[in-house]
Student: 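Input: one structure, supplied below.
Within every chain, numbering begins at 1; the chains are lettered A, B, ... in the order of the sequence lines, protein sequences first and strands thereafter.
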2 protein chains.
Amino acid sequence: MSKTRKSQENTILDIAAALKLSPATISRALNNNPNVRPATRKKVADMAGQLGYRRNNMALGLRNNKTHTIGLIVPRISMFFHAEAITTMQNELYERGYNLIISQSNDSPEMERRLVDTMYSSRVDALIVSCTLNTEDFSHFEVFTKNGIPLIFYDRVPPAFDGALIIRGDDFQGGNLAGAHLAETGCRRIAYISGPLSTNLYRDRSQGFFKALEVAGIPVIENMVFYQALTYDNTREAMKKMFAQDVKPDGVFTANDTAAIAVHEFARENGIAVPQQLKIVGYSNDPRCAIIRPSITSVEQFPGKMGSRVISELMHILGDSTGTALKNPITIPVQLIRRMST
Amino acid sequence: MSKTRKSQENTILDIAAALKLSPATISRALNNNPNVRPATRKKVADMAGQLGYRRNNMALGLRNNKTHTIGLIVPRISMFFHAEAITTMQNELYERGYNLIISQSNDSPEMERRLVDTMYSSRVDALIVSCTLNTEDFSHFEVFTKNGIPLIFYDRVPPAFDGALIIRGDDFQGGNLAGAHLAETGCRRIAYISGPLSTNLYRDRSQGFFKALEVAGIPVIENMVFYQALTYDNTREAMKKMFAQDVKPDGVFTANDTAAIAVHEFARENGIAVPQQLKIVGYSNDPRCAIIRPSITSVEQFPGKMGSRVISELMHILGDSTGTALKNPITIPVQLIRRMST
DNA sequence: GTCAATTATGAAAACGTTTTCATAAATTGG
DNA sequence: CCAATTTATGAAAACGTTTTCATAATTGAC
């Protein structure tokens with residue numbers, strides 16, 4: 001009982017002691033260094049197995065100044081888009097021998113700031129970020145660029161960031177497709193329910209959307225445009241307001257799918273026929289869009305493709321240390337998925 | 001340009017040098033050790049800010065043999081249940097000053113094994129796991145118990161594991177509620193589409209379900225029971241088989257919600273009225289159940305509550321090192337959410 | 001069998017912290 | 001103002017690796 005706390009001896013020094021070799025040799029043997037005799041290599045491997053040796057990554061990281069760990073910060077892990085993107089990134093990183101530390105900011109800039117600090121303290125080899133909806137000051141990310149650690153933004157990105165790579169969906173195009181599609185299917189009074197313009201996402205979708213209306217010669221109706229947090233309740237509220245007016249919309253574009261579903265349910269509950277009286281287009285192609293009846297037209301963002309691109313660019317950066325990218329920002333195309341709601 | 005690679009000097013030694021103090025004092029000052037003069041404390045804090053100092057967690061972990069990091073392994077991050085549980089766990093851990101490393105096994109036992117090793121190499125302070133569907137050999141988790149590092153299984157758990165804490169939903173009760181509910185609403189030929197019995201989840205749900213039938217005096221119909229991977233396609237296949245027979249089911253219990261949705265869509269496409277001709281009960285209360293029409297009755301597992309419990313138990317274990325728990329396994333109650341499908 | 005060349009091993013330092021023990025500085029009591 | 005006490009600081013070791021440089025062991029050529 002008076003034995004020291006340590007439950008089991010399993011370091012390189014223990015192997016060394018057991019084999020009467022130096023730690024240096026053990027290290028070399030375990031790392032398949034060519035100039036260690038096959039005989040010793042085998043002895044070491046055996047003893048390592050016997051003692052249940054596992055490399056201590058902290059010691060390794062400290063010594064080598066490299067952790068083989070990538071940090072990731074997203075607003076919410078549960079959003080379909082991110083869940084999908086994360087899965088791809090993690091798998092591709094794992095294949096390449098990297099680990100991924102995932103954190104969520106819960107859309108709080110304060111939390112995001114703390115997480116960035118923590119990530120730096122853990123000395124991740126790179127940081128991947130999709131920002132908070134409300135992040136307007138991006139200075140907390142500078143620790144990374146200042147210290148020469150790769151920083152990649154994706155999806156929700158700053159307008160510009162010196163030394164960082166930016167990868168984003170083609171939101172202008174997405175908004176444009178949505179607007180054009182609604183116009184094409186005959187809508188003339190198109191409502192637009194958007195998120196706050198503080199984020200690049202919604203700014204770009206809006207611009208694309210309005211451009212489409214302009215091209216189609218459809219006027220923007222002042223009180224049919226909303227910029228607000230895209231929650232279910234907010235959207236219901238907006239719908240209520242619009243349908244209390246004399247002139248009612250015959251089409252709605254919502255800048256995410258939760259809002260589209262809110263519109264959908266509002267319509268059903270109020271006996272508004274979709275798509276006959278009201279057409280709906282959402283954004284993100286959440287699986288719920290395909291399940292609800294009538295199913296909802298939405299803009300697919302290819303989260304897996306984006307995640308994959310993030311990793312391939314990152315690997316490129318980590319390989320060549322030849323500074324920043326070839327092309328920046330990078331834009332991933334989107335696609336309109338037509339369904340029964342239009 | 002011939003300057004050494006290191007982009008910026010920012011260790012405790014640099015602060016020490018700048019202030020002509022010893023690293024020991026700097027360390028104390030930064031950690032609010034009571035016996036360092038307020039004046040020096042302030043000088044140190046200022047200089048730390050000026051140099052952009054950030055603590056190196058690897059050095060810290062190596063020295064203190066404590067990483068303040070908890071490992072988590074789940075089959076898939078994108079499953080609603082896990083996304084929800086993870087979010088709760090991460091938030092509660094973060095409040096308590098811990099970080100969370102999340103990894104997904106993609107339901108591959110091989111991958112799971114590798115992840116466990118990696119987690120150990122990173123010397124996490126504890127490991128939380130929801131196993132693969134196919135994990136039958138649990139020996140790879142023994143590194144943790146053998147080395148006295150807390151190990152907690154939740155949701156998909158081994159039948160028993162010496163030295164680990166097990167927290168699970170009340171799957172027997174869930175299956176039982178589902179069966180009883182279908183019986184109560186008048187079903188007499190109840191089909192059961194389950195996952196493979198290799199997992200505790202499905203074993204327990206099955207037992208609860210069959211018990212309910214037995215109590216209600218409803219016979220189990222041989223060819224209306226399926227044990228298979230609970231995918232959309234498999235379920236459609238099963239439905240097709242059953243409805244090709246003379247005697248057709250008037251109720252279905254599926255052991256997850258994806259399967260319930262498959263049943264639902266099969267019914268719609270084949271003109272089977274839900275709930276009049278066929279009643280459906282799913283499992284997990286995925287948000288899709290509430291959105292689809294008619295909405296689907298399902299068993300709520302309270303993922304947030306389970307995540308929360310995992311963390312509170314973990315904190316207890318990390319606090320007192322008084323070995324394993326008071327009560328083990330721990331069971332979290334479930335609840336049947338009635339909707340239009342029954 | 002000797003010398004040179006090669007190959008295998010070891011000693012020691014370094015990575016950035018914290019902490020124990022010792023000691024220097026400041027404070028207090030008389 | 002001196003001794004005794006308290007408080008603030010410093011020196012050095014330790015955590016577990018890897019790597020450089022040196023040296024010991026082996027091999028090969030003649």
Student: Examine dT9(C): is either OP1 or OP2 under 4.0 Å from a nitrogen or oxygen in the side chain of T25(A)? Give yes or no.
Tutor: no
Student: For R41(A), which contact category applies under a 4.0 Å heavy-atom criterion: base, sugar-phosphate, or nothing?
Tutor: nothing
Student: Using atom CE of M58(B) as one end and atom C1' of dC15(D) as the other, report the distance to the nearest whole Å.
Tutor: 13 Å
Student: Base, sugar-phosphate or nothing for R123(B)? Non-hydrogen atoms, less than 4.0 Å.
Tutor: nothing
Student: So that I know where these two stand, are F138(A) and F161(A) an aromatic pair - ring centroids less than 6.0 Å apart?
Tutor: no
Student: Side chains of P150(B) and L318(B): closer than 4.5 Å at any heavy-atom pair?
Tutor: yes
Student: Does the distance from a Lys or Arg side-chain N to an Asp or Glu carboxylate O, for D117(A) and R113(A), drop under 4.0 Å?
Tutor: no
Student: Can you find an N or O donor on one side and an acceptor on the other, under 3.5 Å apart, linking the side chain of R54(A) with the base of dG16(D)?
Tutor: no
Student: Can you tell me how far P of dT19(D) sits from CG of N33(A), to the nearest Å?
Tutor: 9 Å
Student: What's the closest nucleotide to the L13(A) side chain, out of dA11(D), dG10(C), dT17(D)?
Tutor: dT17(D)
Student: Send over the distance from N65(B) CG to dG16(D) C1', rounded to a whole Å.
Tutor: 10 Å
Student: Provide, to the nearest angstrom, the distance between the CG atom belonging to N10(B) and the C1' atom belonging to dG16(C).
Tutor: 11 Å
Student: What contact category does L21(B) fall into here, base, sugar-phosphate, or nothing, at under 4.0 angstrom with non-hydrogen atoms?
Tutor: sugar-phosphate
Student: At 4.0 Å (heavy atoms only), tell me whether R55(A) reaches a base, stays on the sugar-phosphate, or touches nothing.
Tutor: sugar-phosphate
Student: Tell me the interatomic distance from I12(A), atom CD1, to dA14(C), atom P, rounded to whole angstroms.
Tutor: 19 Å
Student: Heavy atoms from C-beta onward define the side chain here; which of dG16(D), dT9(C), dT17(C) lies closest to that of T40(A)?
Tutor: dT9(C)
Student: For K42(B), is the NZ atom crowded, meaning more than 12 foreign heavy atoms sit under 6.0 Å from it?
Tutor: no
Student: Counting only heavy atoms not in D162(B), do more than 12 fall under 6.0 Å of its CG?
Tutor: no
Student: Under 4.0 angstrom, heavy atoms only, what part of the nucleic acid is N35(B) near: base, sugar-phosphate, or nothing?
Tutor: base
Student: Starting from the 5' end of DNA chain D, give me the residue, P38(B) or N64(B), whose nearest nucleotide shows up first.
Tutor: P38(B)
Student: Just to confirm, is there a sub-4.0 Å distance from OP1 or OP2 of dT19(D) to any side-chain nitrogen or oxygen of S27(A)?
Tutor: no
Student: To the nearest Å, how far apart are I15(A) CD1 and dT9(C) C1'?
Tutor: 16 Å
Student: Students often get this wrong, so: under 4.0 angstrom with heavy atoms, is K20(B) touching a base, only sugar-phosphate, or nothing?
Tutor: sugar-phosphate
Student: Expressed in angstrom and rounded to an integer, what is the separation of N56(A) atom CG from dC15(C) atom P?
Tutor: 18 Å
Student: How close or far is atom C1' of dG10(C) from atom CG of L19(A), stated in whole angstroms?
Tutor: 15 Å
Student: By nearest nucleotide on DNA chain D, pick out whichever of L62(B) and R28(B) is the more 5' one.
Tutor: R28(B)
Student: Count the heavy atoms belonging to other residues, nucleotides or ligands that lie under 6.0 Å from CG of N31(A), then report whether that count exceeds 12.
Tutor: yes
Student: Which nucleotide sits closest to the side chain of S22(B): dA11(D), dT17(C), dT19(D)?
Tutor: dA11(D)
Student: Starting from the 5' end of DNA chain C, give me the residue, R37(B) or Y53(B), whose nearest nucleotide shows up first.
Tutor: Y53(B)
